[in-house]
2 protein chains.
Amino acid sequence: MHSRSPARLGRPRSTAAATAILAATREALVEVGWSKLTLGDVATRAGVAKTTLYRRWSGKNELVVDAVAELFDELELPDRGSLAADIEGVVLQFAAILDRPEARSGLMAVVAESTRDDALRERIRESIVERQKRLVVQGRSRAQKRGELPAETDPGEAARTADLIFDVVAGAVVHRTLVSAEPVDAEWVRSFAGLLLYGLAGDAPV
Amino acid sequence: MHSRSPARLGRPRSTAAATAILAATREALVEVGWSKLTLGDVATRAGVAKTTLYRRWSGKNELVVDAVAELFDELELPDRGSLAADIEGVVLQFAAILDRPEARSGLMAVVAESTRDDALRERIRESIVERQKRLVVQGRSRAQKRGELPAETDPGEAARTADLIFDVVAGAVVHRTLVSAEPVDAEWVRSFAGLLLYGLAGDAPV
DNA sequence: CCATTACGCTACGACTCGTAGCGAAAGCTC
DNA sequence: GAGCTTTCGCTACGAGTCGTAGCGTAATGG
């Protein structure tokens, strides 16, 4: 690093081009899917030269990660009054994103690629996963303030529990949507929140 | 259908070729991953002609599904005495399969492709998912006989609950392994089984 | 012996990849 | 404004893969 100023010299990169490329990527994901998506096609759709695209992204994986990551910008966790309501709300939001075809075909594909590419996995973690995990921590802390969950004593244990909850929630919604191919509707979400709160053995309030 | 006999006329297909091709597919998945896996390479590794491969599989997706499906043959559910032990056992088995690189890179990739290909999704469901789901039903019925879980009244409700459990268990393990990239070890499995049985709010026995 | 099917091999056009080279455009600093 | 720097669009390229067609041969059953 020889300087921290964002744009330094010469012609600046067109921000419009980046926007158009990412939008074109999502459009192509919807129309042709991951495996048949070609960077040449994306460039044409975006109205830029193929070389411009390669100057900014090293390949298909990185491009799709960035294109899909923008879909998760809308995730947030308004206070709905109770832990159960908060869970149901965020799950429905997450499911709504996964319902979009550009997310379905793109997200799983880059996750699959990331099993052989540590840099790609880190990029996914930063731009997609971490944003989701923050909601878990936030919702958990809120529930503790409400007295719905016991407060943490050991901070390491707290982090492990947050990771566990995150994997369970995100994993269940993704699996339901992409593998089982069944809808994440209000009824399922209610059952899921009940299971998460009271368990299989517990007696959930109706 | 003009006959039901399995082999009818002419030279029969070599069963050795099928075995070699599927093994070569897994080998290639380990070495080059999904995206750089080419059918020509697989054919060379298997010692068969590329045309032979195309005569049996319509493309990369179908081939990888069959190659990965064989990994799940080993899944079973021995009676470990309690529901918690059964859950921990099957989760560890499932995690052991997902720990193999040919499963990691192959499974998620075909799931991603299946979001745009209903026939492929059905093939995955038949040869991979259904086998896993049977274990859930089996473990659940065992736990009910033990008195660990309440018996079902409505059969439709029972099926929905089994689907829910399946999505939660499989989803959590897959997410932990592939997205979070953290190990599914004994400690995690114990925490997960506790959460599944007693919930966030419940007081799990140590 | 003959019909039928699978096999190995070669060759093919079509497509995509990622890069190089070029001149023009768009900024900044002086 | 002059001059420097970087990005842009465009064209062209060799390399690699795709999926198929065509051919002669091998392995079955009637």
Side-chain angles (χ1 to χ4, degrees), chain A residues 1-25 27-29 31-64 66 105 109-110 113 116-117 119-120, chain B residues 1-25 28-29 31-64 66 109-110 113 116-117 119-120:
Chain A
M1 296 50 148
H2 30 81
S3 172
R4 79 288 314 265
S5 52
R8 296 218 18 292
L9 194 57
R11 175 176 177 174
R13 288 188 169 175
S14 160
T15 57
T19 307
I21 289 172
L22 291 176
T25 303
E27 182 186 308
L29 274 177
E31 290 186 21
V32 305
W34 160 266
S35 61
K36 296 188 177 175
L37 181 146
T38 71
L39 296 195
D41 180 37
V42 169
T44 305
R45 289 172 188 266
V48 303
K50 193 170 60 163
T51 43
T52 298
L53 205 159
Y54 273 101
R55 284 190 196 99
R56 301 179 183 219
W57 285 276
S58 58
K60 191 159 131 175
N61 294 339
E62 288 74 14
L63 174 63
V64 171
D66 288 3
S105 46
V110 292
E113 288 300 305
R116 301 186 42 82
D117 184 340
L120 183 63
Chain B
M1 294 43 152
H2 29 82
S3 171
R4 82 286 314 268
S5 55
R8 299 222 10 297
L9 192 59
R11 174 177 179 174
R13 286 188 169 176
S14 159
T15 57
T19 307
I21 290 172
L22 292 176
T25 304
L29 274 177
E31 289 186 21
V32 304
W34 159 268
S35 60
K36 294 188 178 175
L37 181 145
T38 70
L39 296 196
D41 180 36
V42 170
T44 304
R45 289 172 188 265
V48 303
K50 194 171 61 164
T51 43
T52 298
L53 206 159
Y54 274 102
R55 284 190 195 100
R56 302 180 182 219
W57 283 277
S58 58
K60 190 159 132 175
N61 294 339
E62 288 74 14
L63 174 63
V64 172
D66 288 3
V110 293
E113 288 299 306
R116 301 186 42 83
D117 184 341
L120 183 64

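A note on names: the letters A, B, ... follow the listed sequences, proteins ahead of strands, and every chain is numbered from 1.
For B/Leu39, counting side-chain heavy atoms from C-beta on, the closest listed nucleotide (D/dC10, D/dC8, D/dG19) is D/dG19.
Here the closest heavy-atom approach between residue B/Ile21 and residue B/Val42 is recorded as O-CG1, 3.9 Å. Taking every heavy atom of both residues into account, B/Leu120 and B/Glu113 meet most closely at CD2-CB, 3.7 Å. The two atoms that bring B/Gly40 and B/Lys50 nearest to each other are CA-CD, 3.8 Å, heavy atoms only. Nearest heavy-atom pair, B/Ala28 versus B/Asp41, reported as atom, atom and distance to 0.1 Å: CB-OD2, 4.3 Å. Shortest non-hydrogen contact noted between A/Val110 and A/Asn61 is CG1-O, 3.9 Å.
Helix-axis bend for the helix from C/dC1-D/dG30 to C/dC30-D/dG1: the local axis fitted to the five terminal pairs at one end deviates from that at the other end by 30°, rounded to 10°.
Both A/Val48 and B/Lys50 lie close to DNA chain D; mapped to their nearest nucleotides by heavy-atom distance, the more 5′-ward contact belongs to A/Val48.
The distance between atom CZ of A/Arg13 and atom P of D/dG9, rounded to the nearest whole Å, is 12 Å. To the nearest angstrom, P of C/dT16 lies 8 Å from CG of A/Asp41.
With sequence neighbours left out, the side-chain contact (heavy atoms from CB on, under 4.5 Å) criterion links A/Ala20 to A/Ala46. Not counting sequence neighbours, A/Arg55 has no partner by the salt bridge (charged side-chain N to carboxylate O under 4.0 Å, His left out) test. The side-chain contact (heavy atoms from CB on, under 4.5 Å) test applied to A/Arg56 returns A/Arg13, A/Ser14, A/Ala17, A/Ala18, A/Thr52, not counting sequence neighbours.
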Could I get a table of every N or O pair under 3.5 Å where one atom is in the protein and the other is in nucleotides 23-27 of chain C?
| unit_1 | atom_1 | unit_2 | atom_2 | d |
| --- | --- | --- | --- | --- |
| C/dA25 | N3 | A/Arg11 | NH1 | 3.1 |
| C/dA26 | O4' | A/Arg11 | NE | 3.4 |

Exercise for the section: Before giving the answer on side chain to side chain contact (heavy atoms under 4.5 Å, CB included), spell out for B/Lys36 and A/Arg116 the whole-Å C-alpha distance, their side-chain angles and the decisive distance to 0.1 Å. Expected result: CA-CA 11 Å; B/Lys36 294 188 178 175; A/Arg116 301 186 42 82; over 6 Å; no
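Against DNA chain D, the stretch residues 51-64 of chain A makes heavy-atom approaches under 4.0 Å through A/Thr51, A/Thr52, A/Arg55, A/Arg56.
Counting heavy atoms from C-beta on, the side chains of A/Leu39 and A/Trp57 never come closer than 4.5 Å.
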